[in-house]
There are 2 protein chains.
Amino acid sequence: MTQSLQPSSESFDPTEFRKALGTFATGVTIITARAADGTPIGLTANSFNSVSLDPPLVLWSLANNAMSFDAFRNALHWAVHVLGSDQEDLSGRFARRGEDKFSGLDTDEGEGGVPLLRGCAARFQCRTATQYQGGDHLIFIGEVLRFDRDEAAPLVFHGGKYAHATRRDPPDIKPRSAHLAGSFGEDFLGYLLGRSHFRFFAQIRPFLDHEGLDDMEFYVLSTLTLKPLLTEGQIAEGLAGVLDANRQRALDGLVERGFARRTAADGFELTDGGREAAIRLIAAAKAVESQVLERLGTGDAVILKTTLNRLLGVVDESAADVLWQSGEGERKG
Amino acid sequence: MTQSLQPSSESFDPTEFRKALGTFATGVTIITARAADGTPIGLTANSFNSVSLDPPLVLWSLANNAMSFDAFRNALHWAVHVLGSDQEDLSGRFARRGEDKFSGLDTDEGEGGVPLLRGCAARFQCRTATQYQGGDHLIFIGEVLRFDRDEAAPLVFHGGKYAHATRRDPPDIKPRSAHLAGSFGEDFLGYLLGRSHFRFFAQIRPFLDHEGLDDMEFYVLSTLTLKPLLTEGQIAEGLAGVLDANRQRALDGLVERGFARRTAADGFELTDGGREAAIRLIAAAKAVESQVLERLGTGDAVILKTTLNRLLGVVDESAADVLWQSGEGERKG
């Protein structure tokens, strides 16, 4: 805890205060209404919260100097849209000033003619119940007239940035045996990575068997699809972390089976047969991936990939990423 | 979008309304104060939100029928503690009724004698500015007198459950080459799992080399630490997804090196030498894990493990988990 206690409100550092407020995670909402002249208005807000269940009341607040302040203050009805994880773009659109925020959007018409956005995690159609002045913001309290919701991963805002959220698992689902002091359990990252990797690939393996390839040959084959010509150094980079001997054996195996050939320039390239096999296998592997990710759920799939990418950022500090970043045909080795 | 539009507020299904409100993710706070008789009081709330920057105002709301309602209503000061990801227990403690919530907790004393909890993501010490009645809740608006904050992953509440949050990466950090139509990119789950696995194990490999073991032998060795005696079937379960031939070769290699032996009961067990090597390697591997997870950050480490576990739940539908769950000495095969 950094004890940055502030002596009094007058000396508040606004930036620090914002950062402290930002430690509280929130969902993201878009509030819409219709101005007196009929123009649809809307803005992104994370100041939403529930107030009361009976009667059903919710609140949000708006800066006194917001462009649409007067229009919202005079609106009898407004709607709160809780955004899902896939609506970051919509959030950004309604957070910007000036542009026609509703351009090209399909909307429904709600209570009092309020434009309703689609594809949200929840929508609350409200009638203004009360407004309270709260410093430089006006607090809107609305009675919820109608609502609907959808199952969706939430869009989250934390620390001034968008975030993903995933539920915690209930602890201790799987008590594990601990025969040997200091033995591995299911919580060891290496176990989780290894088992996930092996189990995932086991679902692809029937397709590999069909082409007469083992796992490592498939890794090398798919690496060879990245560029027309790869040096051994580039292949080693693409398979960073794999034992050199295993990689070499797989490379030899591919050449032997006629899927790859050594070029005069001391590189490797796919043969036509290798390219065709790679395309078949990549399609099959992507189909397996789709099924697995669908069972995992879109939200968690994104989070898993995000955190694995971040893990690679800390275990992958070599120049290995160069291969995956650089343009076609570049040589390195 | 399930169009469960409700005709009017009278017919609201309270459970459905709660679920719809629950789509909005929030942080979790504990609000503390001191009752008129000096007793420290506190409760868990997720109705916190910021209101105004100048003057600095925040709000939260409390049910009219809450046990501590009168004490909070009469309090001149209160403090909001934004909880970090590791404070789920504290959240649960202050969400329950009756017990001495402060028992055994180290607290600081804040403005107006308010007890302040430690280790939170942020703390806001407030003076009651206004209270507004909002249906079945009272809305507390407080002027923030002091605040402090710490860098911490947030505790999040969503859909009636605790959740983890992790920031989204800015999109398109790593544009990747796409030489072959349909080739794999960094986004393919198999690539992410494989590379993470290999890169992580590459950091352990020097220790394996020292013992004269390859990766697969290490997997088998660590599986053999789980129980005093394992059948081949159990070993296969423990290494689910690994090619049978690789597993068999590794098992033979361990026997050959004198790290494991075949028993009369047609099972396998570690020799004393194998057990000692396993203990050394497990310690080294855990040290590597600690370093990697520290660089990744505690919050993301938990999220990565959570989502990998969930991935295993969908790719690991065999009975393979039995080995890791069951008690010592149980036989299966």
Side-chain angles (χ1 to χ4, degrees), chain A residues 1 4-6 20-21 23-25 27 47 49-52 55 57 82 121-122 134-137 146-150 154 156 161-163 165 167-168 176 179-180 182-184 189 192-193 196-199 202 222 225 227 241-242 282 289 295-296 300 303-304 307-308 311 314-316 324, chain B residues 1 4-6 20-21 23-25 27 47 49-52 55 57 82 121-122 134-137 146-150 154 156 161-163 165 167-168 176 179-180 182-184 189 192-193 196-199 202 222 225 227 241-242 282 289 295-296 300 304 307-308 311 314-316 324 328:
Chain A
M1 179 70 60
S4 58
L5 288 178
Q6 306 294 321
L21 292 172
T23 63
F24 184 77
S47 58
N49 225 316
S50 60
V51 176
S52 167
L57 301 176
V82 179
D136 57 19
H137 279 59
R146 296 165 181 265
F147 67 91
D148 54 358
R149 77 175 170 94
D150 199 2
V156 174
K161 293 193 170 73
Y162 292 107
R167 70 186 191 285
R168 294 165 180 242
R176 65 186 93 95
H179 156 57
L180 184 66
S183 71
F184 284 125
L189 182 63
L192 288 170
L193 289 172
S196 299
H197 174 212
F198 290 133
R199 292 294 278 178
S222 57
T225 66
K227 294 189 182 180
V242 171
I282 287 170
E289 182 194 32
R295 277 184 279 162
L296 186 61
D300 278 350
I303 292 171
L304 177 59
T307 46
L308 281 174
L311 175 69
V314 303
V315 293
D316 217 22
W324 301 83
Chain B
M1 179 68 63
S4 59
L5 287 178
Q6 305 294 321
L21 292 171
T23 62
F24 185 77
S47 58
N49 224 315
S50 59
V51 176
S52 167
L57 301 177
V82 179
D136 57 19
H137 280 60
R146 294 164 182 266
F147 67 90
D148 54 0
R149 79 175 169 93
D150 199 2
V156 174
K161 293 191 170 75
Y162 292 108
R167 71 187 190 285
R168 292 163 182 244
R176 65 185 92 96
H179 156 55
L180 184 66
S183 72
F184 285 125
L189 182 62
L192 288 169
L193 289 172
S196 298
H197 174 210
F198 290 133
R199 291 295 278 178
S222 56
T225 65
K227 293 189 183 181
V242 171
I282 286 170
E289 181 195 32
R295 277 184 279 162
L296 186 61
D300 278 350
L304 177 59
T307 45
L308 282 174
L311 176 69
V314 303
V315 294
D316 218 21
W324 301 83
E328 192 174 308

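Letters A, B, ... are given to chains in the order of the sequence lines, protein chains preceding strands, and every chain is numbered from 1.
Taken to the nearest 0.5 Å, the CD1 atom of A:Ile303 stands 8.5 Å off from the CZ atom of B:Arg168. The CZ atom of B:Arg149 sits 10.5 Å away from the CG atom of A:Leu21 when rounded to the nearest 0.5 Å. Rounded to the nearest 0.5 angstrom, B:Leu308 CG and B:Leu193 CG are separated by 7.0 Å.
In terms of non-hydrogen atom pairs under 4.5 Å with chain B, the most contact-rich of A:Leu296, A:Leu189, A:Leu57, A:Val82 is A:Leu189. Note: B:Ser52 leads B:Ser47, B:Ser52, B:Ala20, B:Ala202 in heavy-atom pairs under 4.5 Å with chain A. Note: B:Ser196 leads B:Ser50, B:Pro55, B:Ser196 in heavy-atom pairs under 4.5 Å with chain A. Heavy-atom pairs under 4.5 Å with chain B were tallied for A:Ala25, A:Gly135, A:Gly134, A:Ala165; the largest tally goes to A:Ala25. Considering only heavy-atom pairs separated by less than 4.5 Å from chain A, the leading option among B:Leu311, B:Leu304, B:Asp300 is B:Leu304.
The nearest pair of heavy atoms linking B:His137 to A:Val51 is CG-O, 2.8 Å.
If you measure heavy-atom distances from A:Val156 to chain B, the contacts under 4.5 Å come from the side chain alone.
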